[in-house]
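In what follows, chains are A, B, ... by sequence order, proteins preceding strands, each numbered from 1.
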2 protein chains.
Amino acid sequence: MQDLKLVSQDCADCPIRHRAVCARCETDELERLEEVKYYRSFEAGQTVVWQGDKMDFVASVVTGIASLTQTMEDGRTQMVGLLLPSDFVGRPGREIAAYDVVATTDLVMCCFRKKPFEQIMMQTPHIAERLLQMTLDELDAAREWMLLLGRKTAREKIASLLAIIAQRNASLTAHPKVGDVIFDLPLTREAMADYLGLTLETVSRQISALKRDGVIVLQGKRHVTVPDMRILLDEAGDDSDGGMLA
Amino acid sequence: MQDLKLVSQDCADCPIRHRAVCARCETDELERLEEVKYYRSFEAGQTVVWQGDKMDFVASVVTGIASLTQTMEDGRTQMVGLLLPSDFVGRPGREIAAYDVVATTDLVMCCFRKKPFEQIMMQTPHIAERLLQMTLDELDAAREWMLLLGRKTAREKIASLLAIIAQRNASLTAHPKVGDVIFDLPLTREAMADYLGLTLETVSRQISALKRDGVIVLQGKRHVTVPDMRILLDEAGDDSDGGMLA
DNA sequence: TCCATGCTTTGATGCAGATCAAGCCGCGCT
DNA sequence: AGCGCGGCTTGATCTGCATCAAAGCATGGA
């Protein structure tokens with residue numbers, strides 16, 4: 001299945017070495033996609049699409065981080081999706097965006113016009129199949145996230161988020177699997193709060209607490225070292241290790 | 001699209017007048033499905049599938065209510081899906097159930113063995129397409145739900161749930177669209193608490209408060225009358241009316 | 001260099017919702 | 001009737017997180 005993933009991959013004949021959609025595509029399919037492919041850049045904080053707007057493209061994240069957020073009239077916001085490089089954004093068959101898409105960091109996306117993308121999808125069973133699998137993955141993630149939002153304590157929420165980021169990082173880089181797990185937090189405290197359904201003060205306090213208790217080591221505000229991943233996963237209150245441990 | 005919905009529909013040649021999967025199926029597809037179709041009944045409280053178990057069927061709810069729930073080691077549980085009649089359960093392409101499926105009331109499901117279902121799906125683009133659309137619908141619902149869990153107050157949560165149930169009911173029955181909206185709560189206070197990430201005491205108190213404030217009228221513990229749906233939707237803190245109002 | 005700005009930390013206080021505890025209501029059973 | 005039980009309500013109290021407030025720390029620009 002890996003070869004069917006809608007991914008960002010090195011692509012020699014592409015300005016930013018990015019090939020998207022389907023590594024196993026037949027040549028003509030790929031070329032039809034290339035015709036309708038284009039890149040867009042955003043600065044941190046910019047909104048890519050507003051909830052309710054027409055969204056006439058699908059895309060995948062090349063570099064940077066985007067988030068999907070829901071906002072209430074009075075300004076309360078909840079992040080409902082976190083998109084790292086190679087993640088897919090878009091709603092085949094849907095005209096209207098159901099939530100805001102926001103560039104959390106500087107962001108480059110690889111976009112495809114939706115109409116032609118959908119046509120290719122309809123004619124290419126394994127792309128449709130792959131899209132279904134990705135959507136199911138997102139649904140699984142959303143449901144884990146619901147457990148976090150509904151039932152976990154602030155400390156468990158923070159530990160869970162750190163674990164999730166560590167895991168997502170590990171799946172992108174060649175994972176060493178030995179010793180400390182090290183990564184940079186790609187989110188501000190405020191973005192973490194929006195992810196977790198907390199305030200930024202609580203996020204800050206709980207990170208300090210985890211540091212004080214030796215669960216994590218911080219260098220600066222963003223660089224995290226996890227001496228023992230099992231302890232962190234235990235703090236997350238989550239039996240599943242997400243495949244992180246053997 | 002409606003004619004492609006995976007639905008429970010009246011079906012004269014079926015013991016419980018239920019035809020599932022695809023109203024526009026070609027005859028032979030439908031018959032292939034009929035061959036692998038069977039019914040299962042459960043009593044309220046029974047678990048249909050355990051998280052982590054192999055799940056070798058997909059199904060749709062015929063009568064009753066099922067819920068998908070996540071549970072932590074210490075017993076905290078969060079509902080992550082609520083399945084009313086005609087809703088689909090199952091994960092095409094997945095071996096293992098990602099969460100418990102529980103019969104919240106007495107329940108009848110119409111099941112299909114997964115393998116043949118998947119084969120038919122692969123060979124039938126519009127079934128695959130329909131499945132993708134349904135999964136996207138579930139994802140949208142999950143993300144609304146995340147906003148509820150992460151950012152809404154107890155009162156808003158209750159109002160939102162009542163609105164959701166009212167809407168789902170309206171879409172099943174011929175919706176009068178005039179005057180009071182009336183329905184029966186299909187969930188215990190405890191199930192509502194699991195849905196909303198609250199305790200059952202808080203659910204009870206907030207329902208009492210909405211009653212006291214005239215937002216709803218209760219006859220008994222389950223029968224709800226909503227004198228003015230706009231007030232309820234306003235209490236839910238949700239700008240979207242879910243298509244309930246013109 | 002100094003200040004402005006955005007991000008973060010930390011402290012003091014308040015409150016929404018959890019927890020603990022009792023009792024009520026309706027129903028089925030004997 | 002009388003009883004037990006599951007579901008529900010209501011009260012008293014506790015507490016985890018929000019809120020309000022202030023100050024620390026980097027970075028970049030004048």
What is the distance, rounded to the nearest whole Å, between atom [atom1] of [X] and atom [atom2] of [N]?
X        : N      : atom1 : atom2 : value
B/Gln219 : C/dC25 : CD    : C1'   : 17 Å
A/Leu187 : C/dC7  : CG    : C1'   : 14 Å
B/Arg155 : C/dC15 : CZ    : P     : 18 Å
B/Leu200 : C/dG17 : CG    : C1'   : 13 Å
B/Glu201 : C/dA22 : CD    : P     : 14 Å
A/Glu190 : C/dT8  : CD    : P     : 9 Å
B/Gln78  : C/dA18 : CD    : P     : 12 Å
B/Arg189 : C/dA18 : CZ    : C1'   : 18 Å

Base, sugar-phosphate alone, or nothing: which one does [X] contact when heavy atoms must sit under 4.0 Å apart?
X        : answer
B/Ser204 : base
B/Arg222 : sugar-phosphate
B/Leu198 : sugar-phosphate
A/Gly45  : nothing

- Query: Can a side chain N or O of A/Thr188 be found less than 4.0 Å away from OP1 or OP2 on C/dC7?
  - Reply: no

Is [Y] paired with [X] through a side-chain N to carboxylate O contact shorter than 4.0 Å?
X        : Y        : result
B/Asp194 : A/Arg151 : yes
A/Lys54  : A/Asp56  : no
B/Asp137 : A/Arg94  : yes

- Query: Taking atom types as modelled and ignoring hydrogens, do the side chains of B/Thr77 and B/Thr69 form a donor-acceptor contact shorter than 3.5 angstrom?
  - Reply: no

- Item | Test log, rule salt bridge (charged side-chain N to carboxylate O under 4.0 Å, His left out), inputs A/Glu235 and A/Lys152 | CA-CA 11 Å; A/Glu235 290 283 352; A/Lys152 289 190 179 178; over 6 Å; no

- Nearest-nucleotide 5' precedence on DNA chain C, A/Thr202 against A/Arg151: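 Nearer the 5' end of the strand: A/Thr202.
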
- Task: Go through the steps to decide whether B/Glu138 and A/Arg143 satisfy the test salt bridge (charged side-chain N to carboxylate O under 4.0 Å, His left out), and finish with yes or no.
- Result: CA-CA 10 Å; B/Glu138 280 193 84; A/Arg143 285 170 165 166; 2.8 Å; yes

- With a 4.0 angstrom cut-off to heavy atoms of chain A, pull out the first and last contacting nucleotide of DNA chain D, in 5'-to-3' order.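 Taking any atom under 4.0 Å from a heavy atom of chain A, the span is D/dC17 to D/dC20.
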
- Message: Is it true that, when you exclude B/Glu190 itself, more than 12 heavy atoms of the residues, nucleotides or ligands shown sit nearer than 6.0 Å to its CD?
- Response: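 Incorrect, the count does not exceed 12.
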
- Message: If you assign A/Lys152 and A/Lys221 each to the DNA chain D nucleotide with the nearest heavy atom, which residue ends up on the more 5' nucleotide?
- Response: A/Lys152

